[in-house]
Protein chains: 2
Amino acid sequence: MTQGRRQEPVSKKISESAVRRLSLYLRALEELDRAGHETVSSGQLGFKCGTTAAQVRKDLSLFGSFGKRGLGYRVEELILAVRDILGLTRPWRVALIGAGRIGSALFEYTGLGHRGFEVVAIFDCDPSKIGQEWGDSIILDVAELERVVRELDVEIAILAVPVEAVQGVMDRACRAGVRGVLNFAPLRLKVPEGVTVKDVNLVIELESLTFALRQSR
Amino acid sequence: MTQGRRQEPVSKKISESAVRRLSLYLRALEELDRAGHETVSSGQLGFKCGTTAAQVRKDLSLFGSFGKRGLGYRVEELILAVRDILGLTRPWRVALIGAGRIGSALFEYTGLGHRGFEVVAIFDCDPSKIGQEWGDSIILDVAELERVVRELDVEIAILAVPVEAVQGVMDRACRAGVRGVLNFAPLRLKVPEGVTVKDVNLVIELESLTFALRQSR
DNA sequence: TTGTGTGAATCCCTTCACAGCG
DNA sequence: CGCTGTGAAGGGATTCACACAA
């Protein structure tokens with residue numbers, strides 16, 4: 001039962017969608033916290049995130065029991081619990097590979113640095129970019145990828161490189177020890193055992209939009 | 001039955017995930033086509049897209065029957081069929097709202113223009129950006145949003161504006177006739193009836209990555 | 001024989017409903 | 001009471017398995 005404490009990861013399979021909702025809950029909770037709310041009910045939280053009270057309770061119950069019956073959840077406590085579940089209790093060392101438009105958009109995006117993701121290295125292959133300073137990082141030659149990834153113990157690689165280059169770059173990053181990959185290229189990467197990939201594909205989003213629009217016409 | 005023809009949209013509910021897979025299939029098919037393949041089996045297509053033969057056949061069977069038993073699918077025909085299903089047989093008029101980093105990344109991204117999405121207007125509120133030319137578009141003052149959206153009959157708005165501004169801008173775009181929205185702000189938009197929203201949220205992707213990494217440690 | 005199209009079976013996720021605790 | 005936590009029910013989505021067509 002472990003009242004109020006997170007259960008240790010039993011070998012239960014957690015669905016991707018539940019995890020994505022937890023991430024939404026976390027954002028909503030942080031907003032509530034900033035707004036000075038002490039407690040929140042599953043109904044309120046669900047409403048803010050576009051889901052139901054039952055869904056919220058079920059999602060949380062996969063990891064423990066964090067609420068008080070009759071009262072709801074203490075916002076601060078739940079924030080800590082969800083951060084812990086999502087693995088956000090420590091910063092993650094990220095390398096940004098590709099300093100083009102997408103890369104720079106990501107780098108500037110305050111969401112990253114202020115949310116526990118430390119961009120410890122930026123790589124590009126364009127000689128005119130190598131050596132430029134972004135914030136207090138310097139753009140490095142992608143030729144040095146392996147060495148730098150190993151030395152800085154990079155855990156996550158964000159791949160914002162052209163589709164032709166992406167598989168090769170990923171292979172190299174993984175061999176140097178990267179275990180998580182965020183891929184912006186529209187291509188299914190072949191990954192070694194033990195490496196997790198998430199794809200971000202804007203064309204899919206747009207095409208599922210046009211599908212919906214076409215239907216409702 | 002309707003051999004080789006797309007069935008008219010019966011009121012069957014099509015899952016979001018099936019649609020997303022169709023978009024993947026389309027990309028794989030186009031690659032096969034460029035590589036000169038005439039036909040493809042559900043197994044091959046599934047493998048390229050990280051799913052199974054049965055899944056491919058089921059997905060396609062939601063919309064008609066496009067293959068030949070014992071032979072597979074003709075690549076060219078299936079491309080046309082899937083484009084039709086996804087609503088890609090005509091270009092869509094898109095407005096890009098917000099000409100910051102994300103906006104420029106999207107605009108440059110060749111995927112858009114070359115895939116049936118016409119960026120017919122770009123808006124920003126920064127006076128130093130208004131009037132700049134991007135390609136053969138000029139950045140317009142967001143104050144003119146309603147007029148321009150109406151005049152150019154914009155159908156889809158890509159919202160790449162700060163989170164504080166996004167709900168207001170979306171409301172205005174929808175009142176002017178926009179029916180589809182791609183939202184980059186980490187916020188659940190309240191949308192009027194008949195408008196479809198897709199959210200793109202990089203933090204969710206990263207956090208589901210850290211969840212996975214945390215588990216496998 | 002090959003590989004599609006599709007009912008049936010299975011699995012997983014969401015929703016329901018309520019016991020139980022504060 | 002109010003609201004959580006959770007078994008049970010319900011509903012979708014995926015997988016299976018096979019009849020059938022080329």
Side-chain angles (χ1 to χ4, degrees), chain A residues 1-7 10-22 24-25 29 32 37-75 77-78 81-82 85 208 211, chain B residues 1-7 10-25 29 32 37-75 77-78 81-82 85 208:
Chain A
M1 278 305 123
T2 58
Q3 276 291 89
R5 292 293 298 139
R6 172 157 138 60
Q7 287 169 1
V10 281
S11 58
K12 203 189 315 174
K13 250 197 75 206
I14 306 290
S15 73
E16 173 77 14
S17 46
V19 175
R20 300 176 73 90
R21 282 192 303 267
L22 284 179
L24 285 176
Y25 302 157
L29 287 165
L32 287 166
H37 290 71
E38 302 258 314
T39 64
V40 65
S41 72
S42 56
Q44 294 163 338
L45 191 51
F47 180 76
K48 275 187 85 78
C49 299
T51 183
T52 66
Q55 184 74 74
V56 171
R57 293 203 301 277
K58 193 58 121 185
D59 288 338
L60 293 174
S61 79
L62 295 170
F63 300 96
S65 70
F66 306 102
K68 299 247 180 303
R69 301 185 187 215
L71 285 176
Y73 303 86
R74 291 198 52 78
V75 173
E77 278 176 24
L78 194 52
V82 176
I85 293 167
S208 66
F211 174 80
Chain B
M1 286 298 125
T2 57
Q3 275 291 89
R5 294 292 298 140
R6 174 157 136 58
Q7 289 169 358
V10 279
S11 58
K12 203 188 319 176
K13 248 197 74 205
I14 306 290
S15 73
E16 172 77 14
S17 46
V19 174
R20 300 176 72 91
R21 281 192 302 266
L22 284 177
S23 178
L24 285 177
Y25 301 157
L29 287 165
L32 286 166
H37 290 72
E38 303 258 314
T39 65
V40 65
S41 72
S42 56
Q44 294 164 336
L45 192 51
F47 181 76
K48 276 187 86 77
C49 299
T51 184
T52 65
Q55 185 72 76
V56 170
R57 294 203 301 276
K58 193 58 119 185
D59 288 339
L60 293 174
S61 79
L62 295 171
F63 299 97
S65 69
F66 306 102
K68 299 246 181 304
R69 302 188 184 210
L71 285 177
Y73 303 87
R74 292 198 52 79
V75 173
E77 278 174 23
L78 194 52
V82 177
I85 293 167
S208 65

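Letters A, B, ... mirror the listed sequences (proteins, then strands); counts begin at 1. Quantities reported herein were computed from a predicted structural model and do not represent experimental measurements.
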Closest listed nucleotide, where the reference is the side chain of B/Ala54 and the choices are D/dT4, D/dT15, C/dG5: D/dT15
Closest to side chain of A/Leu71, choosing from C/dG22, C/dT15, C/dG3: C/dG22
Step-by-step side chain to side chain contact (heavy atoms under 4.5 Å, CB included) determination, A/Glu16 to B/Ser208: CA-CA 8 Å; A/Glu16 173 77 14; B/Ser208 65; 3.7 Å; yes
Sequence-aligned protein contact record of nucleotides 8-13 of chain D, with B where the base is within under 4.0 Å of a protein heavy atom and S where only the sugar-phosphate is: B----S
Within less than 4.0 Å of OP1 or OP2 of [N], is there a side-chain N or O belonging to [X]?
X	N	result
A/Tyr73	C/dG22	no
A/Arg57	D/dT4	yes
B/Thr52	D/dT15	yes

Main-chain N/O of B/Thr52 paired with B/Gln55 side-chain donor or acceptor, under 3.5 Å: no
[X] and [Y]: which non-hydrogen atoms are nearest, and at how many Å?
X	Y	value
B/Tyr25	B/Cys49	CD2-SG, 3.7 Å
A/Asp59	A/Ala18	OD1-CB, 3.8 Å
B/Phe66	B/Leu78	CB-CD1, 3.8 Å
B/Gln44	B/Thr39	OE1-O, 4.4 Å
A/Leu62	A/Ile14	CB-CD1, 4.0 Å

d([atom1], [X]; [atom2], [N]) in whole Å:
X	N	atom1	atom2	value
A/Asp59	C/dC13	CG	C1'	10 Å
A/Arg74	C/dG22	CZ	C1'	14 Å
A/Phe66	D/dT6	CZ	P	11 Å
B/Leu60	C/dT4	CG	P	10 Å
B/Glu77	C/dT4	CD	P	14 Å
A/Phe63	D/dT6	CZ	P	14 Å
A/Arg69	D/dC3	CZ	C1'	9 Å

Estimated bend of the helix from C/dT1-D/dA22 to C/dG22-D/dC1 (axis per five terminal pairs, rounded to 10 degrees): 10°
Side chain to side chain, B/Lys48 and B/Leu32, heavy atoms closer than 4.5 Å: yes
Sugar-phosphate, base or nothing in reach of B/Thr51, heavy atoms under 4.0 Å: nothing
Stepwise side chain to side chain contact (heavy atoms under 4.5 Å, CB included) check, B/Thr51 with B/Leu45: CA-CA 8 Å; B/Thr51 184; B/Leu45 192 51; over 6 Å; no
